[in-house]
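Some notes on the structure that comes next.
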Amino acid sequence: MASTGRKAREAPQVLAGRFRLERLLGAGGMGLVYRARDLLHEQFGDPEPYIALKMLSEPFSTSPDASALLYSEFALTRHLHHPNVLRPFSFEVDATHRQAFITMELMRGQTLDQLLCEHPRGMSWQALQVIAVPLLDALAYAHGRGVLHGDVKPSNVMRGEEQVRLFDFGLGQAEQGPLKRLANLDRKRLNAWTPAYAAPELLEGSALSAAADIYGAACLLYELASGTHPFRRLPSTQARAARLERQLKAPRNLPRRCWSALRLALAFDPGRRGISAAQLRDVFSRGASWW
């Protein structure tokens with residue numbers, strides 16, 4: 001979720017007679033996230049009645065698919081029980097304001113886009129590994145449960161006070177299992193991919209896949225290691241793609257074994273992106289011994 005640099009639409013002060021919105025925490029391409037107080041918990045003396053509350057931003061909230069889109073995100077994430085995946089609490093609909101929303105745990109910390117601003121030349125290997133391993137473990141766990149994230153990028157990962165958290169599965173989908181029966185929303189029509197981190201095949205109209213998540217994660221990790229994005233622009237031809245991949249330089253802070261794996265994950269052709277999140281996690285876990 002991006003920072004609150006643009007004005008958000010006017011929101012009700014209290015939703016469902018229970019959740020009082022206090023301030024806007026973030027505004028992304030599709031959603032708004034507020035810090036809110038759970039008035040019911042507060043009434044019973046809870047000293048920490050604070051939650052995060054997510055609703056869709058105005059262009060999407062008026063869509064016929066709006067409530068189904070939010071419910072899809074809630075349903076995908078409520079089945080993910082992992083310390084590095086943000087926990088949702090409930091899916092709610094305020095009938096008076098015709099507003100669907102999700103309540104979630106309130107995170108405290110820095111999103112990785114904020115962290116990148118503090119490291120314009122990249123992070124040390126030790127600092128990078130502390131973020132990379134839990135992030136890749138969360139992604140590997142989600143993929144193992146048949147859930148695709150769909151929008152892995154720095155603003156959707158937080159380095160919290162205690163844990164790294166992957167969040168915002170708003171563009172996610174179930175790849176297998178009973179969650180495949182969720183409302184079949186046309187995410188291509190939403191046009192909400194983030195070009196810098198979206199796999200090239202997504203921008204060309206292909207379906208979301210685990211390989212696409214891997215590409216986004218690889219771009220993020222390269223940026224953390226070097227301070228710069230691996231590609232300034234996407235190639236227009238296969239020949240240019242091959243040239244850009246050959247010209248890609250290893251970040252100086254990255255062990256050689258990690259670079260070999262990361263380079264594979266950055267392949268423009270999904271057929272050549274032959275590495276899973278679990279394999280990438282294992283390489284980064286052991287990377288320090290491969291200098």
Side-chain angles (χ1 to χ4, degrees), residues 28-29 84-85 111-113 116 122 128 131-144 146-157 164 166-175 187-188 190-238 240-251 254 257-284 287:
N84 303 113
V85 176
T111 53
L112 296 192
D113 57 334
L116 280 166
L128 171 61
I131 294 172
V133 173
L135 168 60
L136 292 169
D137 195 52
L139 196 58
Y141 171 82
H143 288 177
V147 174
L148 305 174
H149 184 278
D151 198 19
V152 182
K153 59 183 179 181
S155 59
N156 284 343
V157 183
V164 171
L166 175 64
F167 62 97
D168 196 346
F169 283 71
L171 289 176
Q173 290 178 248
E175 191 175 33
R187 285 158 173 79
K188 297 175 191 174
L190 295 173
N191 193 27
W193 309 119
T194 305
Y197 301 94
E201 67 269 19
L202 289 181
L203 299 177
E204 293 171 359
S206 295
L208 178 61
S209 66
D213 277 351
I214 293 296
Y215 177 87
C219 288
L220 186 162
L221 294 174
Y222 185 98
E223 197 168 3
L224 288 175
S226 67
T228 60
H229 192 277
F231 307 111
R232 293 186 178 182
R233 63 177 66 88
L234 289 176
S236 55
T237 65
Q238 289 185 349
R240 179 164 172 76
R243 186 163 64 251
L244 285 178
E245 288 182 10
R246 285 196 304 270
Q247 293 172 347
L248 201 56
K249 295 182 179 179
L254 208 60
R257 180 183 177 90
C258 292
W259 172 234
S260 298
L262 191 61
R263 193 168 193 167
L264 189 61
L266 286 167
F268 288 119
D269 180 355
R272 293 179 43 245
R273 212 177 293 145
I275 189 167
S276 69
Q279 289 169 326
L280 199 56
R281 174 204 60 203
D282 292 345
V283 171
F284 271 75

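Please read all numbers here as calculations on a predicted model, not as lab measurements.
Partner of Val152 under the side-chain contact (heavy atoms from CB on, under 4.5 Å) criterion, chosen from Leu171, Thr194, Asp213: Asp213.
Contact annotation: the side chain of Phe284 approaches that of Leu254 to within less than 4.5 Å [non-hydrogen atoms, C-beta and beyond]. In this structure the side chain of His143 reaches within 4.5 angstrom of the side chain of Leu148, judged on heavy atoms. Residues Tyr222 and Thr228 have side chains in contact (heavy-atom distance under 4.5 Å, counting atoms from C-beta outward). Annotation: side chain of Leu221 is not in contact with side chain of Ile131 (no heavy-atom distance under 4.5 Å). You'll find the side chain of Leu220 reaches within 4.5 Å of the side chain of Val157, heavy atoms only. Taking the side chain as every heavy atom from C-beta outward, Tyr197 and Pro154 approach each other to under 4.5 Å. For the pair Phe169 and Val85, the minimum side-chain heavy-atom distance is below 4.5 Å.
Within the model, atoms OG of Ser155 and CG of Leu116 stand 10.5 Å from one another, a figure rounded to the nearest 0.5 Å.
A distance-only check finds a donor-acceptor pair linking the side chain of Gln279 to the backbone of Ser276 [under 3.5 Å]. No donor-acceptor pair closer than 3.5 Å links the side chain of Arg281 to the backbone N or O of Val133. The closest donor-acceptor contact from the side chain of His149 to the backbone of Phe167 lies under 3.5 Å. Judged by distance alone, the side chain of His229 and the main-chain N or O of Ala196 form a donor-acceptor pair under 3.5 Å. A donor-acceptor contact shorter than 3.5 Å links the side chain of Asn84 to the backbone of Val164.
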May I have the list of side-chain donor-acceptor pairs in residues 258-268 shorter than 3.5 Å, sequence neighbours left out?
residue, atom, partner, partner atom, Å
Ser260, OG, Arg256, O, 3.2
Arg263, NH2, Glu245, O, 3.0
Arg263, NH2, Arg246, O, 3.3

Lys153 vs Glu223, test: salt bridge (charged side-chain N to carboxylate O under 4.0 Å, His left out). Steps then yes/no. CA-CA 10 Å; Lys153 59 183 179 181; Glu223 197 168 3; over 6 Å; no
